[in-house]
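To start, the structure itself, in structure tokens.
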Amino acid sequence: MRNATPNSLLILDEIGRGTSTYDGLSIAWAVVEHISDPKLLGAKTLFATHYHELTELEGRLNNVNNYCIAVKENGDDIVFLRKIIPGGADKSYGIQVAKLAGVPDNVIERAKDIVEQLVENDVVIHASQIQELTKTKVKRKDELELAQISLFDTVRDDDIVNSIKELDISNMTPMDALNKLNELQNKIKNRW
């Protein structure tokens with residue numbers, strides 16, 4: 001991006017991948033905003049991503065258009081039709097792709113259980129419940145039940161109050177405000 005001009009063609013794949021979900025999404029979102037803004041760059045770009053949230057940028061940002069590959073489903077099986085169509089993907093096919101790649105069936109079935117829980121609930125709130133579900137479904141060699149300290153139960157009232165005080169509401173987009181509110185609400189729900 002540093003050396004690109006408005007006449008450049010950028011091809012970007014999975015920006016933000018390998019970081020935490022919120023960090024990765026934030027990086028990818030900021031990259032799209034920067035590249036699509038003619039005052040900052042305005043280069044033609046092909047941007048492949050797994051972040052469904054980025055599809056919201058079409059219509060919010062000029063020059064941003066969503067395309068996806070057409071998929072034919074037959075139960076749990078999928079066929080990529082090698083045809084690019086307008087719009088964002090209507091769902092994720094990660095588990096089906098893992099199956100195509102040869103991941104063992106028991107791992108695929110477990111992934112389906114986990115994804116149902118994650119889709120229905122907030123990941124942070126229910127991570128400990130998913131861990132408990134894992135303990136009941138997976139047999140351990142030694143069958144020891146070890147209590148696990150949650151990494152999410154460390155929020156104090158002062159942390160939440162300070163986060164609210166530091167907000168610059170006047171300069172937040174509605175989406176930023178909703179994301180921040182969701183983050184604060186999750187922190188409150190995950191206290192000791």
Side-chain angles (χ1 to χ4, degrees), residues 1-73 77-103 111 114-115 118-125 127 159-160 162-187:
M1 287 182 350
R2 221 176 251 174
N3 297 317
T5 71
N7 296 322
S8 297
L9 171 62
L10 302 179
I11 300 175
L12 303 173
D13 184 36
E14 299 296 358
I15 299 296
R17 189 78 173 215
T19 63
S20 76
T21 301
Y22 294 127
D23 286 354
L25 175 58
S26 299
I27 292 165
W29 192 299
V31 166
V32 172
E33 286 180 340
H34 179 83
I35 291 171
S36 67
D37 188 336
K39 293 177 185 172
L40 299 174
L41 183 54
K44 291 193 184 319
T45 306
L46 295 173
F47 191 106
T49 185
H50 64 287
Y51 294 117
H52 290 282
E53 296 86 351
L54 293 181
T55 60
E56 294 180 30
L57 295 178
E58 182 179 54
R60 290 185 61 197
L61 298 176
N62 291 331
N63 306 317
V64 173
N65 299 296
N66 294 319
Y67 293 90
C68 65
I69 191 161
V71 176
K72 182 178 180 182
E73 292 183 67
D77 296 326
I78 59 170
V79 176
F80 293 103
L81 300 178
R82 298 182 185 187
K83 180 179 179 183
I84 304 298
I85 58 175
D90 59 345
K91 62 189 255 186
S92 175
Y93 297 101
I95 293 174
Q96 290 92 336
V97 170
K99 182 178 177 183
L100 288 172
V103 172
I114 293 170
V115 79
L118 295 177
V119 167
E120 290 175 11
N121 306 294
D122 184 273
V123 175
V124 174
I125 293 170
D159 296 332
I160 295 170
N162 288 335
S163 292
I164 294 171
K165 284 181 183 176
E166 293 171 3
L167 291 177
D168 185 7
I169 295 172
S170 302
N171 291 315
M172 294 177 82
T173 66
M175 182 57 74
D176 291 338
L178 283 172
N179 286 336
K180 189 62 176 180
L181 182 59
N182 184 48
E183 177 188 321
L184 292 171
Q185 191 175 48
N186 288 336
K187 283 182 179 182

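For the numbers below, each heavy atom of this structure counts, side chains included, while hydrogens, waters and symmetry mates do not.
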Side chains of V32 and T49 in contact at under 4.5 Å (non-hydrogen atoms): no

Beyond-backbone contact of D77 with K99, side-chain heavy atoms, under 4.5 angstrom: yes

Working to the nearest 0.5 angstrom, can you tell me the gap between [X] [atom1] and [Y] [atom2]?
X: I164; Y: L181; atom1: CD1; atom2: CG; value: 8.5 Å
X: L61; Y: E56; atom1: CG; atom2: CD; value: 11.0 Å
X: L57; Y: M175; atom1: CG; atom2: CE; value: 8.5 Å
X: N62; Y: S36; atom1: CG; atom2: OG; value: 8.0 Å
X: L10; Y: L41; atom1: CG; atom2: CG; value: 6.0 Å
X: M1; Y: L12; atom1: CE; atom2: CG; value: 8.0 Å

What is the minimum heavy-atom distance between [X] and [Y], and which atoms define it?
X: S8; Y: A43; answer: O-CB, 3.7 Å
X: I15; Y: V31; answer: CG2-CG2, 4.0 Å
X: N66; Y: E58; answer: N-OE2, 3.1 Å
X: R17; Y: Y51; answer: N-OH, 4.2 Å
X: W29; Y: E53; answer: CZ3-O, 3.9 Å
X: T55; Y: H52; answer: OG1-O, 2.7 Å

Show your reasoning for whether side-chain contact (heavy atoms from CB on, under 4.5 Å) applies to D37 and N63. CA-CA 8 Å; D37 188 336; N63 306 317; over 6 Å; no

Please test I11 against D13 for side-chain contact (heavy atoms from CB on, under 4.5 Å), starting from the C-alpha separation and ending with a verdict. CA-CA 7 Å; I11 300 175; D13 184 36; over 6 Å; no

Give a yes or no on whether the backbone of I78 and the side-chain of Q96 come within a donor-acceptor separation of less than 3.5 Å. no

Within the distance-only criterion (no hydrogens, no angle test), does the side chain of Y93 pair as donor or acceptor with the backbone N or O of F80 below 3.5 angstrom? no

